[in-house]
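Reviewing the structure listed below.
Excluded from the calculations below are hydrogen atoms, water molecules and symmetry mates; all remaining heavy atoms, backbone and side chain alike, are included. In each ligand, atom 1 is the first atom listed, and ligand 1 is the first ligand listed.
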Amino acid sequence: MCGIVGYVGPQQALDVVVEGLRRLEYRGYDSAGVALVTADGLATDKRAGKLANLDKALAENPPPPATSGIGHTRWATHGAPNDVNAHPHLSRGGEVALVHNGIIENFAELRDELERSGTELVSETDTEVAAHLLQRAYDALPAGQGRLAEAMREVCRRLEGAFTLVAVHRDEPDTVVGARRNSPLVAGVGTAEFFLASDVAAFIAHTREALELGEDQVVEIDRERGITVTGFDGRPAQAREYHVDWDASAAEKGGYAWFMLKEIAEQPAAVADTLRGRLTDGGEIVLDEVRLSDEDLRDVDKIFVIACGTAYHAGLVAKYAIEHWTRIPCEVELASEFRYRAPVLTRSTLVVAISQSGETMDTLQAIRHARGQRARVLSICNTNGSTMPRESDAVLYTRAGPEIAVASTKGYLTQLAACYLVGLYLARVRGVMYGDEVSAIVEQLRRTPRLIERTLARMDAVRALGRDLATAPTVLFLGRHVGYPVALEGALKLKELAYIHAEGFAGGELKHGPIALIDDGTPVVVVVPSPRGRNVLHGKVVSNIQEVRARGARMIVVAEDGDTAVEPYADEVIRVPQVPTLLAPLVTSVPLQVLACAIADARGNDVDQPRNLAKSVTVE
Ligand code: AGP
């Protein structure tokens, strides 16, 4: 997820663009850059690191004046976060500058085509490929109005994946052109000035009149001709006009009260982006930097998943899937405990380290210990360029984009998606699942973003329940099978956000002690497995519900659509869409995130920055 800004109007473009990037820096801060259309051609500067680095460079070496230009803050997906990979990317002759948010899935073949035709690329990014294609398309068109927009349409028709592109040409100082597919782009309509941005936060200080671009649309903002919107096919298209009634700070949160709420809402897109380009129709799974051969992976006879906190809960879910699909023994361990118990590790051991930040010291030290014992390490990480991927033998990046709230939500859900990919990849490489079996699960995975979306659309009752539970002294969470880690995660969310005692239990464990905790009215959240999967478990969980209800508890039941067996014993039923058993945590986790957030909000807590916590724990 990156931040993009484009401007044309009477103001100095550098001021408008850099201020816009500052408003979007939460979308990505691996690097930042600008390109301005000056009288002497394109003036560009781009620096790795936070926007402050670019600010400093621009102050030391101010570009010539310009009243149109583009800018970008990067959250790296392809290529390390360095100066060369920073956006904007220039075409070969430097006539075109382009910024991009998203993933161009077919960039490798397009890159080959360019290199075969003699174009030398200087970065590792998919974006640079689009910049060269754009100039090539532009050069082949006759001079005249709308030339850059037509070139953009031609390029977009060749791209696959998710992208927001915004570009300028040195010969067109009055025009900025943008395009979008599966990635956001909005236009701002000011007085004799126009804006393009990833979201309205970038230009809300100048105008609140916005235009939301639709799927597969190209937009041209021109000093004289205003805004023109077409489809990729060149036919005129409509974009939704709206008035932004948020203030600037609210706009950074997309109008949500908290970043956490925004990030919960981003989960369908984050899971879709994490899956994008990794699941071929033939059931092949494509990992990122796999420096392990298929032979290495066929040699694996034991898997340890290590992580902390929420990432550990993702690992607990992963265990069920990985063991079911690969038939390799899989242990899940707290990273902080792992290396102190002298685990038995050999070259045939695969350690899967899960971390949103890639900097958690407990997990990093565990990785180092594992590698010291000759085990192989695969990292699942959300932060390109962080330490863990550099110290691993293979990496699978989640593509959640920056997660600002301390409480992990989209980071966690994309970790689940990535764990499923790793399990399927191992099963495929080891030949314990046929391509068609993997394809069937791949197809189920591909449907999950929509099911998460549908779950999110049903959360009003959960928010009301959260307000009602704001004064509860304790909340218990029960689950079985993959529902057990979901119960643990639900309890952690409540603890870290609402500062309420909360505890997760395996449903079958209740009668061995914890049931003594049940008092009259104790809220108990139960994550019920699907009756369509292993209904023996479903029946046992319904029994657990009855045991607990008989002792006076307030039963809050998370159950799939159509599961009527739970209704006689539930005080509240939270419905989620039907999902295959192993994938269910992708939807059953969501109501528990929303519930914890609602309770914390009702208690007046700072949801994004809970007390005593940090987003990345870089000490042991
Ligand atoms: C999750 O809500 C917490 N913020 C915390 O448990 C977190 O998951 C844990 O610290 C691990 O962080 P990492 O994923 O960046 O390694």
- Measure from NZ or CZ of K410 to the centre of the six-membered ring of Y412, then state whether that distance is under 6.0 Å and the direction lies within 45° of the axis. no

- Message: Check this for me: does any side-chain nitrogen of one of K495 and E503 sit under 4.0 Å from a carboxylate oxygen of the other?
- Response: no

- With a cut-off of under 6.0 Å to the ring centre and 45° to the axis, is R611 in cation-pi contact with Y499? yes

- Note on the structure: Quick note on ligand 1: atoms under 4.0 Å from a heavy atom of A407 include exactly 2 (O)

- Which residue owns the protein heavy atom closest to atom 15 (O) of ligand 1, what's the atom, and how far is it? S357 OG, 2.7 Å

- Query: Which protein non-hydrogen atom lies closest to atom 14 (O) of ligand 1, naming both residue and atom, and how far is it?
  - Reply: Q356 N, 2.7 Å

- To atom 12 (O) of ligand 1, the nearest of T383, I380, D362, T360 on a heavy-atom basis is T360

- Item | Ion pair E560/R575, N-O distance below 4.0 Å | no

- Answer yes if the ring centres of F477 and F505 are under 6.0 angstrom apart, and no otherwise. no

- Query: With a cut-off of under 6.0 Å to the ring centre and 45° to the axis, is K262 in cation-pi contact with Y256?
  - Reply: no

- Query: Just distances here: any N/O of E496 and N/O of ligand 1 closer than 3.5 Å?
  - Reply: yes

- Message: Starting from atom 10 (O) of ligand 1, what is the nearest protein heavy atom, named by residue and atom, and what distance separates them?
- Response: V617 CG2, 4.2 Å

- Which protein heavy atom lies closest to atom 11 (C) of ligand 1, and at what distance to 0.1 Å? C308 O, 3.5 Å

- Test of ring centre spacing under 6.0 Å for H481 and Y320: yes

- shortest atom 4 (N) of ligand 1-to-protein heavy-atom contact is with V406 O, 2.8 Å

- Message: Is E359 close enough to touch ligand 1? Criterion: a residue heavy atom under 4.0 Å from a ligand atom.
- Response: no

- Task: Using a strict 4.0 Å cut-off to heavy atoms of K493, name the atoms of ligand 1 that fall inside it.
- Result: 1 (C), 2 (O)

- Query: Would K50 and D30 pass as an ion pair if we require N to O under 4.0 Å?
  - Reply: no

- Item | Identity and distance of the protein heavy atom lying nearest atom 5 (C) of ligand 1 | T310 N, 4.2 Å

- Query: Under 4.0 Å between a Lys/Arg side-chain N and an Asp/Glu carboxylate O for R554 and D519?
  - Reply: no

- Task: Find all atoms of ligand 1 within a distance of less than 4.0 Å from any non-hydrogen atom belonging to S355, and give their numbers and elements.
- Result: 13 (P), 14 (O), 15 (O), 16 (O)

- Near A311 (heavy-atom distance under 4.0 Å), the atoms of ligand 1 are 8 (O), 14 (O)

- Task: Output yes when K319 and E323 qualify as a salt bridge under the 4.0 Å nitrogen-oxygen rule, no when they do not.
- Result: yes

- What are the atoms of ligand 1, with element, lying closer than 4.0 Å to any heavy atom of G309? 6 (O)

- Item | Sub-3.5 Å N/O-N/O distance, L492 and ligand 1 | no

- Item | Where ligand 1 meets S408 - atom numbers and elements under 4.0 angstrom, heavy-atom basis | 1 (C), 2 (O)

